[in-house]
Protein chains: 2
Amino acid sequence: MIKGKDGTPIPKVVIERLPRYYRYFDWLENRAEKISSKKLSELMGASASQVRLDLSYFGDFGQQGYGYNIKKLKAELAKILRIHTPMKFVIVGMGNIGRALTRYNAFIEAGFKLEGLFDVKPILIGEKISGTTIYKVDELESFVKTHSVDMAIIAVPKEVANEVVKTLVASGVKGILNFAPLDLEVPDGFPVENIHIIDKALALSFLIRERQH
Amino acid sequence: MIKGKDGTPIPKVVIERLPRYYRYFDWLENRAEKISSKKLSELMGASASQVRLDLSYFGDFGQQGYGYNIKKLKAELAKILRIHTPMKFVIVGMGNIGRALTRYNAFIEAGFKLEGLFDVKPILIGEKISGTTIYKVDELESFVKTHSVDMAIIAVPKEVANEVVKTLVASGVKGILNFAPLDLEVPDGFPVENIHIIDKALALSFLIRERQH
DNA sequence: TAGATTGTTAATCGATTAACAATC
DNA sequence: TAGATTGTTAATCGATTAACAATC
């Protein structure tokens, strides 16, 4: 388990909340100089205790009687989340989702660097999308190695996802962002984050129905 | 809070896990007739107690000494999640993400029905994507009303997202699936599910870094 | 200084797991 | 019947909140 400031393990839920804190500090940047845990918690709909405890896992960023300096906290969170530290990634699967992510500027803004695109369809190989080339998926392993790719996005059909995963893990990629609607088979502790669009839509569907009795 | 079987409130975490159960039963369908909570829990990487307790919020689906009938459970979960019960939706924002979601067949497969697309850019109005027309966002409110749209997907820039939300809430839409990187301002208890792609990528980024010491 | 607000420890709350009687 | 496995209640674990001494 991941350790914080003084060796205390950081709960996974806290890690998953970090990007949200970053978003709020980014938003606050041109709006104020400082903010207290109380004010921030009201803004975010959390408790002030949670804000303070969450942040305290990573350092002593606040000051009694003052609160948190927004510029400083934003910079600290950026450092923690490696924003602006180029993280090289590839996208595997050039369907709708893969193509959309290729053009999604938010990745670049957050400091991610797209190195290559991959697909099986011969007709797509060589095509460029916003300046990035589509390669044969056969070349994935060697490409990841030679370009020291850090992270891969999986946007292939679920039937072939675990095949791709096997290749990626063998290639030495360090984490996977998965858009395929299944749980990937990865070695224990291998970093994976899932984006299950339909799962979210179905949960919403359930909530909507229940709300109407 | 949402109530289950005998009036016990169902924790939100359990609801969010339901689509995952559905995926597993869908996968199991042609592979076996029945499954025990023990076997299922091993497959899913959960505990058998959790499986049994989760499912028990919605009904008594199992049988002692036998387990759960896969076909039956899949059908029950489909009913609970309203799969195959057409849920009408619109997509607001025809950027990369909006366009990709328009063509994303998984929505149709899960029984969602795309009624219309919306954008502000005059040049896009009238265009059809996979048979669905793009309308002016000015027409959003009346469209939702006349077509009794249940759900909206927000895929607009964050700067205008809350404007769209205001229109949607006024129009009587019943839930929102949000892809914009911010927390939407909705009335208390209004169903929203967020898909924060960059948040997930950043959390992954953090996990990768920490894993390498 | 007095007021504000932190970081942290203790108390509480909620979710997960273990245990088991019921029963197929 | 004996073995398997449910649904549920009690015990445990972990996360959230409250409280407060420290201090800017």
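Reminder, nothing fancy here: chain letters follow the sequence lines and each chain counts from 1. Just so it is clear, the values below take in all heavy atoms, side chains as well, and ignore hydrogens, waters and symmetry mates. Here the structure is a predicted model, which is why all the values come from computation and not from measurement.
Heavy-atom distances under 4.0 Å link DNA chain D to A:Ser47, A:Ser49, A:Gln50, A:Arg52, A:Leu53 of residues 28-56 of chain A, given in residue order. For DNA chain D, none of the residues of residues 12-21 of chain B falls under the heavy-atom distance limit of 4.0 Å.
For the pair B:Lys5 and A:Gln64, both in contact range of DNA chain D, the more 5′-proximal nearest nucleotide belongs to B:Lys5.
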- Note on the structure: For DNA chain C, the expected dot-bracket line (Watson-Crick or G-U under 3.5 Å, [ ] crossing, | inter-strand) is ..||||||||||||||||||||||
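At least one side-chain heavy atom of A:Tyr66 sits less than 4.5 Å from a side-chain heavy atom of A:Glu33. Side-chain contact between A:Tyr22 and A:Leu81: present, with at least one pair of heavy atoms (C-beta onward) separated by less than 4.5 Å. Residues A:Met94 and A:Val120 are not in side-chain contact: their nearest non-hydrogen atoms beyond the backbone lie 4.5 Å or more apart.
A salt bridge links A:Glu115 with A:Lys113; the closest basic N to acidic carboxylate O contact falls under 4.0 Å.
Applying the ring pair (Phe, Tyr, Trp, His ring centres under 6.0 Å) rule to pairs touching residues 67-100 of chain A yields A:Phe89-A:Phe107, sequence neighbours excluded. The salt bridge (Lys or Arg N to Asp or Glu O under 4.0 Å) analysis of residues 87-108 of chain B, with sequence neighbours excluded, yields the pairs B:Arg99-B:Glu127. Evaluation of the salt bridge (Lys or Arg N to Asp or Glu O under 4.0 Å) test over residues 195-206 of chain B, restricted to residues two or more places apart or in two chains, returns A:Arg23-B:Asp199, A:Glu193-B:Lys200. Pairs passing the salt bridge (Lys or Arg N to Asp or Glu O under 4.0 Å) check and including a residue from residues 52-67 of chain B, sequence neighbours excluded, read B:Lys5-B:Asp60, B:Arg17-B:Asp54. Within the structure, the side chain to side chain donor-acceptor pair (under 3.5 Å) test picks out the following pairs touching residues 168-180 of chain B (sequence neighbours left out): B:Asp150-B:Lys174, B:Asn178-B:Asn194.
Reading DNA chain D from its 5' end, the first and the last nucleotide to sit under 4.0 Å from a heavy atom of chain B are D:dA4 to D:dT8.
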With a 3.5 Å cut-off and sequence neighbours excluded, list the donor-acceptor pairs that the side chains of residues 156-167 of chain A form with protein atoms.
residue  : atom : partner  : partner atom : Å
A:Asn162 : OD1  : A:Glu185 : N            : 2.9
A:Asn162 : ND2  : A:Glu185 : OE2          : 3.4
A:Thr167 : OG1  : A:Glu163 : O            : 3.2

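Applying the side-chain contact (heavy atoms from CB on, under 4.5 Å) criterion to B:Thr8, with sequence neighbours excluded, gives B:Asp6. Residues that satisfy the ring pair (Phe, Tyr, Trp, His ring centres under 6.0 Å) test with A:Phe25, not counting sequence neighbours, are absent from this structure.
Between the side chain of B:Arg31 and the backbone N or O of B:Trp27, at least one donor-acceptor pair lies under 3.5 Å.
Residue A:Phe61 is in sugar-phosphate contact alone, with no base atom involved, counting any heavy-atom pair closer than 4.0 Å across all strands shown.
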